[in-house]
Amino acid sequence: ARLETYQNAKKVLNKARETIPTEPQIWITAAKLEEANGMMELVDRIIERAVRSLALHQVTMEREQWLSEAEHAEKGNAPRTAQA
């Protein structure tokens, strides 16, 4: 169920990323939002920015965590996010 418009959801996620840049789930959710709205070219860019930002803030995710997130994305009908 859509609780918010695409533009408003995007604003909320951007604000969340600015406020809590160390939370990987915010970045992943942003990638899923773009994928759900057909903005495939942004999915890879968001995940790449996530990796850089998380590293900059000294946040490390183990390989298993990334794989788990990829599995969740794939099950949630977000194969491009899972691939990224």
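Interatomic distance, W27 CH2 to T22 OG1, rounded to the nearest 0.5 Å: 10.5 Å. Residue I46 holds its CD1 atom at 12.5 Å from CD1 of I26, rounded to the nearest 0.5 Å.
Listed here is the closest heavy atom pair of P21 and L54: O-CD2, 3.6 Å. Smallest separation of non-hydrogen atoms from V43 and A84: CG1-CB, 4.2 Å. In terms of heavy atoms, A82 sits closest to A70 at CB-O, 3.2 Å. Here the closest heavy-atom approach between residue I47 and residue A31 is recorded as CD1-CB, 3.9 Å.
Applying the salt bridge (Lys or Arg N to Asp or Glu O under 4.0 Å) rule to pairs touching residues 15-41 yields K10-E34, sequence neighbours excluded. Among pairs with a residue in residues 44-72, those fulfilling salt bridge (Lys or Arg N to Asp or Glu O under 4.0 Å) read D44-R80, at least two apart in sequence or across chains.
You'll find the side chain of K11 stays beyond 4.5 Å of the side chain of Y6, heavy atoms only.
By the 6.0 Å contact criterion, CD on E74 is open, its count of non-hydrogen atoms from other residues, nucleotides or ligands being 12 or less. Applying the 6.0 Å contact sphere to CG of N14 captures more than 12 heavy atoms from other residues, nucleotides or ligands.
Following chains of ILVMFWY side-chain contacts shorter than 4.5 Å, one can reach W66 starting from V59, so the two form part of one hydrophobic cluster. By the criterion of side-chain heavy atoms lying less than 4.5 angstrom apart, applied directly or through intervening Ile, Leu, Val, Met, Phe, Trp or Tyr residues, L13 is grouped together with I20 in one hydrophobic cluster.
A distance-only check finds a donor-acceptor pair linking the side chain of N37 to the backbone of L33 [under 3.5 Å].
Judged as a side chain to side chain contact (heavy atoms under 4.5 Å, CB included), and not counting sequence neighbours, the contacts of S68 are H72.
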